[in-house]
Amino acid sequence: MNLQLFDTYERKVRPFEPLVDNKVGIYACGPTVYNFAHIGNLRTYLFEDLLIRVLVANGYEVNHIINITDVGHLTSDADTGEDKMELGTKRTGMTAWELAEFYTEAFQADLAKLNILAPSVWCKATDHISEQIEFVVDLEQKGYTYATSDGLYFDSRKLKSYGHLARLDVEGLQAGARVKLGERRFVTDFALWKFSPPGEQRQMEWDSPWGRGFPGWHIECSAMSAKYLGDYFDIHCGGEDHIPIHHTNEIAQTEASKGTRLANFWMHGYFLQMDKAKMSKSTGDFLTLDVIGERGFSPLVYRYFCLTAHYRSQMSFSLESLEAAKTALTRLYETAFSWGEPGTVDEGTLTRYFDCLNDDLNMPRALAVVWELVRSNLPGDVKKATLLRCDEILGLDIANWEMDQVDVPDEVEELVKAREAARASKDWAQSDELRDAVNKLGYAIEDTPGGAKISTLD
RNA sequence: GGUCGGGUAGCCAAGUGGUUAGGCACCGGUUUGCAAAACCGAUUACACGGGUUCGAUUCCCGUCCCGACCUCCA
């Protein structure tokens with residue numbers, strides 16, 4: 001089966017064809033770096049990693065761009081007062097610049113831990129201020145802007161196609177609007193450039209033809225994607241929350257300026273839903289990769305967990321289901337390890353596997369094929385070779401997995417030896433007593449044909 | 001309030017107008033001194049009420065519930 005992908009713009013699955021030869025340009029909306037990424041954020045990057053691995057497997061040469069939104073406004077115009085970047089600087093004592101750098105590095109480290117392939121280019125909004133200003137100047141010359149006392153705005157009603165991506169009901173939006181218009185002329189108008197508040201010195205601000213200030217959020221993506229991928233490129237992705245506002249506005253800017261619709265495919269990763277642990281970023285109380293790591297779940301367990309749901313479905317998170325993923329993944333690792341060296345690949349399995357993936361990245365079904373392979377009667381070396389090919393997409397690093405080497409204290413070692421002796425003389429009472437003693441010290445014993453296997457008790 | 005998307009077994013989660021998704025847990029069996037692990041097998045579904053149809057979990061309508069966005073959340 002040839003690759004087919006769901007396009008939010010057309011709201012359907014359709015065949016994927018690159019715009020140029022076999023090259024694919026992808027722009028993925030990156031994080032705003034005022035805090036750690038939570039596991040919900042990371043699900044979206046896992047989806048994009050899946051997409052990229054499948055494109056590569058289909059023989060395409062992928063040029064993958066991720067942006068870093070490292071400029072946010074520091075003086076809030078929200079009703080509640082302080083904005084997130086400012087809270088971040090207060091919380092940590094860092095400057096806005098230090099804050100951005102710190103959380104950018106933390107984010108990149110998280111991606112690496114999740115075995116997410118690094119993009120071709122990382123681009124920061126603050127490194128592309130002039131490109132953004134040029135973009136806005138062009139929009140201004142084409143008559144799509146107007147100024148208010150706090151910034152330069154995009155006049156969304158000038159663009160007939162505005163809101164097509166999200167199928168926005170503009171009249172309905174206006175009727176049900178919760179947000180104050182302020183000086184904006186229409187509810188869907190948005191800032192291209194915001195002025196620094198009078199009499200205040202922002203940590204991040206630049207001169208522009210309209211006055212000192214900083215770029216609106218949406219313009220960075222239109223400007224940077226144009227720079228690295230051209231005005232019209234293959235795939236633009238991000239989280240589902242970006243459909244109605246951010247991506248809608250990116251499209252509006254680019255259509256107004258360049259006359260193209262920006263990307264051929266628009267793809268969106270859907271949210272992770274939390275049960276008890278809420279993703280309340282405002283309190284700083286949310287689950288990060290490090291937090292679940294402290295609870296005994298490795299990053300690749302989280303990766304596996306995410307692979308069990310389709311990227312276009314919201315997924316329910318709980319420690320219970322993460323535990324299920326951990327058990328399944330451990331079984332997969334141990335079983336694959338037991339197969340030894342790889343032999344020849346089973347092409348039938350591989351074909352079924354990639355057919356699932358080429359059908360809009362249906363990883364849950366592809367994973368079912370993997371488990372059928374695992375439980376099949378094929379020889380171990382064939383299973384191993386086939387599984388390793390599957391792992392080029394799974395990204396679980398199956399080839400390098402090894403049994404945990406547990407450091408066993410001498411005390412425990414002695415008890416285990418004594419127990420082995422007791423078992424050899426069939427003194428089961430003594431043997432069980434010694435096993436209890438080992439358990440009390442925090443270690444578990446499993447009797448295998450190769451001798452006692454010792455592990456730490458959870 | 002407006003717009004959009006969902007409700008599948010104990011949990012997570014695919015999919016389909018009629019034929020076993022898959023994983024985890026649970027139960028039974030094999031094996032093992034016992035236990036664990038492993039392997040084999042079985043059970044538990046399509047929110048509710050109507051409609052279309054030979055047949056609906058799948059299509060249509062309504063109801064209830066959940067979520068997303070409208071707040072520079074992925």
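Every chain is numbered from 1, with letters handed out A, B, ... down the list of sequences. The basis for the numbers below is simple: all heavy atoms, side chains too, and nothing from hydrogens, waters or symmetry mates.
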In whole Å, what separates the P atom of B:A9 from that of B:A14? 13 Å
Distance between C1' atoms of B:A47 and B:C66 (Å, rounded): 11 Å
Which residues in residues 418-431 of chain A have a heavy atom closer than 4.0 Å to any atom of RNA chain B? A:Arg419, A:Arg423, A:Trp428, A:Ser431
Identify the nucleotide, in any strand shown, that forms a Watson-Crick or G-U wobble pair with B:C27, with both distances under 3.5 Å; if there is none, say none. B:G41
Is any N or O donor-acceptor pair between the side chain of A:Asp447 and the base of B:C34 shorter than 3.5 Å? yes
Among B:C24, B:G67, B:C34, which is the nearest nucleotide to the side chain of A:Ala328? B:C24
Could you tell me how far apart A:Asn249 (CG) and B:C70 (P) are, to the nearest whole angstrom? 11 Å
For A:Asn362, answer base if it contacts any base atom (sugar-phosphate contacts may also be present), sugar-phosphate if it contacts only those atoms, and nothing otherwise; contact means non-hydrogen atoms under 4.0 Å. sugar-phosphate
Under the ring pair (Phe, Tyr, Trp, His ring centres under 6.0 Å) rule, collect the residues that match up with A:Phe154, sequence neighbours excluded. A:Tyr144, A:Phe190
Check every strand shown and say whether A:Thr44 touches a base, only sugar-phosphate, or nothing at a heavy-atom separation below 4.0 Å. base
Atom CG of A:Asp110 and atom P of B:A74: how far apart are they, to the nearest Å? 13 Å
Could you please name the partner base of B:C34, counting Watson-Crick and G-U wobble pairs only when both distances are under 3.5 Å? none
Just call it for A:Gly238: base, sugar-phosphate, or nothing, with non-hydrogen atoms closer than 4.0 Å on any strand. sugar-phosphate
With a 3.5 angstrom cut-off on both distances, give the Watson-Crick or G-U wobble partner of B:A9, or none if there isn't one. none
Does A:Arg331 have a side-chain nitrogen or oxygen under 4.0 Å from the phosphate oxygens OP1 or OP2 of B:A38? yes
Should B:A21 form a Watson-Crick or G-U wobble pair with both distances under 3.5 Å, which nucleotide is its partner? none
Just how far, in rounded Å, is C1' of B:A74 from CD1 of A:Ile68? 13 Å
Name the residue closer to the 5' end of RNA chain B, choosing between A:His310 and A:Asp241 according to the nucleotide with the nearest heavy atom. A:His310
Roughly how far apart, to the nearest Å, are B:G18 and B:A37 at atom C1'? 41 Å
Using the P atom in both, what is the distance from B:G29 to B:A35, to the nearest Å? 11 Å
Identify whether the distance between the nearest side-chain nitrogen and carboxylate oxygen of A:Lys113 and A:Asp110 falls below 4.0 Å. yes
Any base atoms under 4.0 Å from A:His242, or only sugar-phosphate, or nothing? Heavy atoms, all strands. sugar-phosphate
Can you tell me how far OG of A:Ser298 sits from OH of A:Tyr304, rounded to the nearest 0.5 angstrom? 13.0 Å
Could you work out which one of B:C72, B:A74, B:G67 sits closest to the side chain of A:Gln273? B:G67
Any chance the rings of A:Tyr45 and A:Phe107 have centres within less than 6.0 Å? yes
Verify the contact: side-chain N or O of A:Ser313 to OP1 or OP2 of B:A14, cut-off strictly under 4.0 Å; return yes or no. yes
Rounded to whole angstroms, how far apart are CG on A:Leu165 and C1' on B:C4? 12 Å
For the C1' atoms, the ones on B:U16 and on B:A45, what distance do you get once it is rounded to whole angstrom? 14 Å
Got a second to check how far A:Ile393's CD1 is from A:Leu361's CG, nearest 0.5 Å? 9.5 Å
What residue pairs, at least two apart or across chains, pass salt bridge (charged side-chain N to carboxylate O under 4.0 Å, His left out) with a residue in residues 235-250 of chain A? none
Could you tell me if the ring centre of A:Tyr311 sits under 6.0 Å from that of A:Tyr270? no
Counting side-chain heavy atoms from C-beta on, which of B:A68, B:C24, B:C12 comes nearest to A:Thr327? B:C24
Taking atom types as modelled and ignoring hydrogens, do the side chains of A:Thr386 and A:Asp346 form a donor-acceptor contact shorter than 3.5 angstrom? no
Between A:His218 (NE2) and B:C73 (P), how many Å, whole number? 10 Å
B/S/- along nucleotides 17-22 of chain B (protein heavy atoms under 4.0 Å) is ----BS
B:G67 -> Watson-Crick or G-U wobble partner, both distances under 3.5 Å, gives B:C4
Counting only Watson-Crick or G-U wobble pairs whose two distances fall under 3.5 Å, which nucleotide matches B:C59? B:G51
A:Glu446 CD to B:A36 P, straight-line distance once rounded to whole Å: 10 Å
Which part of the nucleic acid, if any, lies within reach of A:Ile445 when heavy atoms closer than 4.0 Å are counted: base, sugar-phosphate only, or nothing? base
Rounding to the closest angstrom, what is the interatomic distance between B:G55 and B:U19 at atom P? 15 Å
Quantified in whole Å, what is the C1' atom distance between nucleotide B:G67 and nucleotide B:U53? 33 Å
To the nearest angstrom, the OH-C1' distance between A:Tyr162 and B:C70 comes to 11 Å
Separation of the C1' atoms in B:A25 and B:G17, to the nearest angstrom: 33 Å
Side chain of A:Ser321 only, heavy atoms from C-beta on: which candidate in B:C72, B:C12, B:A13 is closest? B:C12
Residue among A:Asp360, A:Asp359, A:Asp7 satisfying salt bridge (charged side-chain N to carboxylate O under 4.0 Å, His left out) with A:Arg312: A:Asp360
note: A:Tyr103, atom OH; B:A74, atom P; distance rounded to Å ~ 14 Å
Any sub-3.5 Å donor-acceptor pair from A:Ser316's side-chain atoms to A:Gln273's backbone N or O? no
On RNA chain B, check which nucleotide each of A:Glu320 and A:Tyr304 is closest to and give me the residue with the more 5' one. A:Glu320
Could you work out, with ring pair (Phe, Tyr, Trp, His ring centres under 6.0 Å) as the rule, every residue matching A:His310, not counting sequence neighbours? none
Qualifying residues under side-chain contact (heavy atoms from CB on, under 4.5 Å), relative to A:Ile454, sequence neighbours excluded: A:Val408, A:Val416, A:Tyr443
Assess whether a salt bridge exists between A:Asp49 and A:Arg53, defined as any Lys/Arg side-chain N lying under 4.0 Å from an Asp/Glu carboxylate O. yes
